[in-house]
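For reference, the structure is listed below as structure tokens.
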Amino acid sequence: MRVSTLLGGLALFVYGMNGMSDGLREAAGEKLKQILKVVTKSTWSCVAAGALTTAVLQSSSATICMAVGFVSAGIMGLPQAICVIFGANMGTTVTAQLLAFRLGDYAWLVVFSGFVLLFFGEGQGLRHVGQTVFSFGLLFVGIETMGKVMEPLAASPVFTELMGQVADVPVLGLLVGAGMTMIVQSSSATIAVLQNFAATPAAGSVSVLGLSGALPVLLGDNIGTTVTSLLASAGQTADAKRAALAHSIFNISGSMVFLCLLGPFTELVVFLSPRGPEVDVISRQIANGHTLFNGASTLLWLPMVAVMERIVTWLVPDSPPADARLSPPVKERKV
């Protein structure tokens with residue numbers, strides 16, 4: 001029963017996330033596409049456009065897939081797409097920050113408000129807003145459902161021992177996070193599960209996972225989400241594949257650096273986050289860690305967009321013309 005309730009809570013969360021994304025896309029999607037098409041004047045404008053689009057759509061995968069599509073269609077150049085991808089990684093941190101607020105007590109009120117707008121609102125615009133609010137409420141209902149199921153698990157010695165192994169072996173946490181996100185195909189969903197799970201007390205006010213155990217899983221979530229853009233680039237042009245590969249290099253390289261610096265990274269996140277009992281603040285700490293990771297990775301790679309372009313161009317070379325592939329080699333005649 002607990003497993004089915006946990007899966008049901010996860011399903012509600014993912015459904016709410018997708019519904020909110022769809023509602024926002026319907027309300028502002030075309031305008032956002034136009035913004036992405038025209039912001040090619042500077043590096044920072046591309047980054048800002050990627051961050052804004054992802055913050056509104058609540059889906060970095062949607063923004064990155066749009067950028068890949070624009071590159072494939074020749075609307076956007078590879079350097080601009082790479083900068084948009086950097087911005088998309090920044091924009092996706094908004095979701096984790098929103099989820100760190102404890103809105104579970106108001107979730108059903110938000111659901112009802114959205115329902116009223118969705119079914120009784122006049123005009124498509126108001127109904128799209130209703131869908132967004134309704135889905136936003138469902139998202140928190142799913143989070144609360146999963147949280148109630150996870151609480152009894154903290155009393156299980158087998159479970160706490162397993163979590164202790166994940167906390168003590170950062171690479172294992174990285175693999176767990178990457179695997180979860182590859183399966184769910186949404187880093188926002190797996191980070192939300194991580195935030196909720198880490199806020200489960202093991203004894204008193206101590207987290208069952210702890211921040212040092214949660215951060216490697218968070219880094220793994222960022223690696224797992226790159227699969228979506230790689231799948232979206234399948235069958236596309238070489239530049240589209242390069243843009244998707246840039247997303248993978250960005251997240252994988254950043255995750256490796258931060259994993260090697262896990263101790264200082266953890267201390268910095270604690271320093272930048274609110275003080276209080278661990279189970280009360282760890283959700284915000286994870287959100288801040290997510291923001292810090294993507295912000296620092298963006299600042300690290302932004303001056304090296306040309307380097308990234310050369311790397312992905314080397315990894316995905318231009319294909320020879322079709323005529324050259326089909327034509328047999330010409331033999332020289334001896335005189």
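Looking only at side-chain heavy atoms (C-beta outward), Thr313 and Arg310 stay at 4.5 Å or farther from each other. Proximity of Met304 to Ile311: side-chain heavy atoms (C-beta onward) are nowhere separated by under 4.5 Å. Using a 4.5 Å heavy-atom cutoff, the side chains of Val305 and Cys83 are in contact. Contact of the Asn89 side chain with the Ser297 side chain is not registered, since no non-hydrogen atoms from C-beta on lie closer than 4.5 Å. Using a 4.5 Å heavy-atom threshold, the side chains of Leu215 and Phe258 count as separate. At a threshold of 4.5 Å between non-hydrogen side-chain atoms, the residues Phe112 and Phe134 do not count as touching. Side chains of His290 and Thr92 form a contact here, defined as non-hydrogen atoms less than 4.5 Å apart. When side chains are defined from C-beta on, Thr226 does not count as touching Phe250, because their heavy atoms never get closer than 4.5 Å.
In this structure, Val94 is not a member of the same hydrophobic cluster as Leu299, with clusters built from ILVMFWY side-chain heavy atoms closer than 4.5 Å. Under the 4.5 Å side-chain heavy-atom criterion for ILVMFWY residues, a single connected hydrophobic cluster contains both Leu211 and Leu174. Put simply, Val257 and Trp301 are part of two different groups of oily side chains (I, L, V, M, F, W, Y) that touch within less than 4.5 Å, one to the next. Residues Leu292 and Leu302 do not share a hydrophobic cluster, clusters being chains of Ile/Leu/Val/Met/Phe/Trp/Tyr side chains in contact below 4.5 Å. Hydrophobic clustering places Val111 together with Phe119 (ILVMFWY residues linked when any side-chain heavy atoms are closer than 4.5 Å, directly or through intermediates).
Counting all heavy atoms, side chain and backbone alike, Ile223 lies closest to Ser255 at CG1-OG, 3.5 Å. Leu117 approaches Gly130 most closely through the heavy-atom pair CB-CA, 3.5 Å. Of all heavy-atom pairs spanning Ala198 and Ile286, the tightest one is CB-CD1, 3.7 Å. Across every non-hydrogen atom of Gly213 and Val217, the tightest pair is O-CG2, 3.5 Å. Taking all atoms of both residues into account, the shortest heavy-atom contact from Ala88 to Ile64 is CB-CG1, 3.9 Å. Pairing each heavy atom of Val270 with each of Arg275, the nearest pair is O-NH1, 2.9 Å.
To the nearest 0.5 Å, the span separating CD on Glu267 from CG on Leu262 amounts to 10.0 Å. In this structure, CE on Met308 lies 8.5 Å from CG on Leu245, to the nearest 0.5 angstrom. The CD1 atom of Ile191 sits 13.5 Å away from the CG atom of Asn196 when rounded to the nearest 0.5 Å. Here Asn294 contributes atom CG and Thr54 contributes atom OG1; the two are 10.5 Å apart, rounded to the nearest 0.5 Å. To the nearest 0.5 Å, atoms CE (Met180) and CG (Leu175) are separated by 13.0 Å. Annotation: the span from Leu78 atom CG to Glu309 atom CD amounts to 5.0 Å, rounded to 0.5 Å.
Taking Gln195 as the reference, Ser283 meet the side-chain hydrogen bond (donor to acceptor under 3.5 Å, both in side chains) condition, with sequence neighbours excluded.
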Side chain to side chain contact (heavy atoms under 4.5 Å, CB included) between Val47 and Val84, worked out: CA-CA 5 Å; Val47 172; Val84 169; over 6 Å; no

Pair Phe293-Leu218, side chain to side chain contact (heavy atoms under 4.5 Å, CB included): steps then yes or no: CA-CA 10 Å; Phe293 163 75; Leu218 173 70; 5.6 Å; no

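Under 3.5 Å, the side chains of Thr190 and Thr181 contain a donor-acceptor pair of N or O atoms. Side-chain contact check for Thr53 and Thr63: no donor-acceptor pair (N or O, by modelled atom type) lies under 3.5 Å. There is a side-chain donor-acceptor pair under 3.5 Å between Ser273 and Asn288.
With hydrogens and angles disregarded, no donor-acceptor distance shorter than 3.5 Å links the side chain of Arg242 to the backbone of Trp314. Distance alone, capped at 3.5 Å, is enough to place a donor-acceptor pair between the Thr291 side chain and the Ala287 backbone. No side-chain donor-acceptor contact under 3.5 Å links Thr225 to the backbone of Asn222.
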